[in-house]
Number of protein chains: 2
Amino acid sequence: MNNRELDKKLSLRKIKPTAVRELVLKVLTEEKKAVSLSDLEHKFDYADKSTLYRTLKTFEEKKLIHSIDDGSGTLKYAVCHDSCECNPNDLHVHFYCTRCKQTFCLNEVSIPTVNLPVGFSLESVTMVVKGVCSNCRKG
Amino acid sequence: MNNRELDKKLSLRKIKPTAVRELVLKVLTEEKKAVSLSDLEHKFDYADKSTLYRTLKTFEEKKLIHSIDDGSGTLKYAVCHDSCECNPNDLHVHFYCTRCKQTFCLNEVSIPTVNLPVGFSLESVTMVVKGVCSNCRKG
DNA sequence: AGGGTAATTGCAACCGGGTTGCATTACAAA
DNA sequence: TTTGTAATGCAACCCGGTTGCAATTACCCT
Ligand SMILES: [Mn+2]
Ligand SMILES: [Mn+2]
Ligand SMILES: [Zn+2]
Ligand SMILES: [Zn+2]
């Protein structure tokens, strides 16, 4: 994905394009797996941790990406689809592979509705499946 | 719940009853909400953090309690029902109230099955609903 | 182009939950 | 009572995440 496309994606979410932001977004779009802050730190020796951190926070705030708490203790991030507003109906299941330790968006698997006890209201739902991914299965 | 009953619960899970363990289990059984390590620290000024930590780990290992990652950054714990083996079919949904910041087991709400893409195998599933609990709703 | 302002970035230090090594204490078998 | 094992207490550590502040850069107006 070239800079022109990256800048467009950023602008669509009202994020001012900068060098770091283009690079981070590039990584996030090209990775098939969800990406952590420390992943980015290792990818960009030159960029500072807090800059990367704030970049992710900005992206998340503007709904360019969403965060994934897969229970591993390290937050991961993945790009939202263009029309995503991170509403309950935009949510999907996430998968954590216990073998390769990678986390994936199952974008095509939406979260089933759940009947809460009376008196409980719902704001959002997270669903994480742990298991072995198809790559590790084959290998 | 008296010590006799607490000891019985401990013995059933092959855990040697000690003073600390009885006290911790008592708190866990009497609380309606899930309990964190720091909750216990504040409840027992005298008992050491690492002792409480290892008590929880022992309980979890022996399947007397299960841990809940509600996304708040602090692990919570709650007692399992007597016949629980923490298998996928023992699992239930958890609820995190964004108002009172408490986490509850919805023991009666089992986790719906989900269709994974081909090649993915399932070991366990977590489902956390965020919203407002019935207590906070009424208040 | 130059000056002023706001946003971004870099650096360092901090925070809190969780975890571990090791010494001490309690317990129970021999 | 001796002796081995498990539990507890204390201290220090780890790491992901977060923040304050100074330096740099981008942007706007003249
Ligand atoms: Mn996702
Ligand atoms: Mn539970
Ligand atoms: Zn895998
Ligand atoms: Zn509540």
Side-chain angles (χ1 to χ4, degrees), chain A residues 3 6-7 10-11 13-27 33-62 64-78 96 101-103 128, chain B residues 3 6-7 10-11 13-27 33-62 64-78 96 101-103 128:
Chain A
N3 279 24
L6 292 170
D7 285 4
L10 290 169
S11 303
R13 296 291 187 166
K14 311 255 188 272
I15 300 165
K16 192 192 300 181
T18 68
V20 172
R21 289 173 179 170
E22 285 166 356
L23 286 167
V24 170
L25 180 55
K26 190 169 158 66
V27 170
K33 67 178 180 89
V35 174
S36 71
L37 173 57
S38 78
D39 288 340
L40 292 178
E41 274 184 84
H42 292 109
K43 212 119 194 167
F44 307 121
D45 289 345
Y46 48 91
D48 184 74
K49 182 189 183 185
S50 63
T51 300
L52 297 169
Y53 170 75
R54 286 190 268 238
T55 300
L56 290 170
K57 284 296 171 189
T58 301
F59 284 5
E60 188 179 18
E61 201 172 307
K62 298 300 179 62
L64 177 59
I65 66 177
H66 59 279
S67 66
I68 305 156
D69 185 342
D70 57 19
S72 71
T74 314
L75 274 184
K76 313 273 168 51
Y77 299 86
Y96 176 76
K101 318 291 186 209
Q102 296 188 344
T103 300
V128 178
Chain B
N3 279 26
L6 293 170
D7 285 5
L10 289 168
S11 302
R13 296 292 187 166
K14 311 257 188 272
I15 300 165
K16 191 192 300 180
T18 69
V20 171
R21 289 173 177 171
E22 286 166 357
L23 287 167
V24 170
L25 180 55
K26 190 168 158 65
V27 169
K33 66 178 180 91
V35 174
S36 70
L37 174 57
S38 77
D39 287 340
L40 293 177
E41 273 185 86
H42 292 110
K43 211 120 195 166
F44 307 121
D45 288 346
Y46 49 92
D48 185 73
K49 182 188 182 185
S50 64
T51 301
L52 297 170
Y53 170 75
R54 287 189 268 236
T55 300
L56 290 171
K57 285 294 171 190
T58 301
F59 284 5
E60 188 181 16
E61 203 172 306
K62 298 302 180 62
L64 177 58
I65 65 177
H66 59 278
S67 65
I68 306 156
D69 185 343
D70 57 19
S72 70
T74 314
L75 273 185
K76 312 275 167 54
Y77 299 86
Y96 175 77
K101 318 291 188 211
Q102 296 187 346
T103 301
V128 177

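Numbers restart at 1 for each chain; the letters A, B, ... are given by sequence-line order, proteins then strands.
- Summarising the geometry, the separation between CG on B/Leu56 and C1' on C/dT20 is reported as 16 Å, rounded to the nearest angstrom.
- Taking atom CD1 on A/Ile15 and atom P on C/dA7, their separation rounds to 15 Å, with Å as the unit.
- In this structure, A/Leu52 and A/Leu37 have side chains that are in contact, with non-hydrogen atoms separated by less than 4.5 Å.
- When each of B/Lys16, B/Arg21, B/Arg13 is checked for a side chain to side chain contact (heavy atoms under 4.5 Å, CB included) with B/Thr58, only B/Arg21 meets the rule.
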side-chain contact (heavy atoms from CB on, under 4.5 Å) assessment of B/Val24 paired with B/Phe44: CA-CA 9 Å; B/Val24 170; B/Phe44 307 121; 4.1 Å; yes
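- Distance CG/A/Leu40 to CG/A/Leu56: 5.5 Å, rounded to 0.5 Å.
- Between the CG atom of B/Leu52 and the C1' atom of C/dT19 there is a distance of 14 Å, rounded to whole Å.
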Shorter than 3.5 Å, N or O on both sides, protein versus nucleotides 6-16 of chain D: list them out with atom names.
{"residue": "D/dA7", "atom": "OP1", "partner": "B/Arg21", "partner atom": "NH1", "Å": "2.9"}
{"residue": "D/dA7", "atom": "OP1", "partner": "B/Arg21", "partner atom": "NH2", "Å": "3.1"}
{"residue": "D/dT8", "atom": "OP1", "partner": "B/Thr18", "partner atom": "OG1", "Å": "2.7"}
{"residue": "D/dG9", "atom": "OP2", "partner": "B/Thr51", "partner atom": "OG1", "Å": "3.2"}
{"residue": "D/dG9", "atom": "O6", "partner": "B/Arg54", "partner atom": "NH2", "Å": "2.6"}
{"residue": "D/dC10", "atom": "N4", "partner": "B/Ser50", "partner atom": "OG", "Å": "2.7"}

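- Protein atom OH of B/Tyr77 is 13 Å distant from nucleotide atom P of C/dG17, rounded to whole Å.
- Between the CZ atom of A/Phe44 and the P atom of C/dT8 there is a distance of 18 Å, given to the nearest Å.
- Residues that satisfy the ring-ring contact (aromatic ring centres under 6.0 Å, His included) test with A/Tyr53, not counting sequence neighbours, are absent from this structure.
- For the pair A/Glu41 CD and C/dG10 P, the interatomic distance rounds to 12 Å; values are reported in whole Å.
- Checking side-chain atoms of B/Ser36 against main-chain N and O of B/Asp39 turns up a donor-acceptor pair under 3.5 Å.
- Following rounding to the nearest Å, A/Glu22 (CD) and C/dT8 (C1') show an atom-to-atom distance of 14 Å.
- A/Tyr53 has no side-chain polar atom (N or O) that falls below the 4.0 Å cut-off from OP1 or OP2 of D/dG17.
- When heavy atoms are screened at a 4.0 angstrom cut-off, A/Lys57 is found touching the sugar-phosphate backbone but no base atom.
- Put simply, CG on A/Asp45 is 17 Å from C1' on C/dT9, counting in whole angstrom units.
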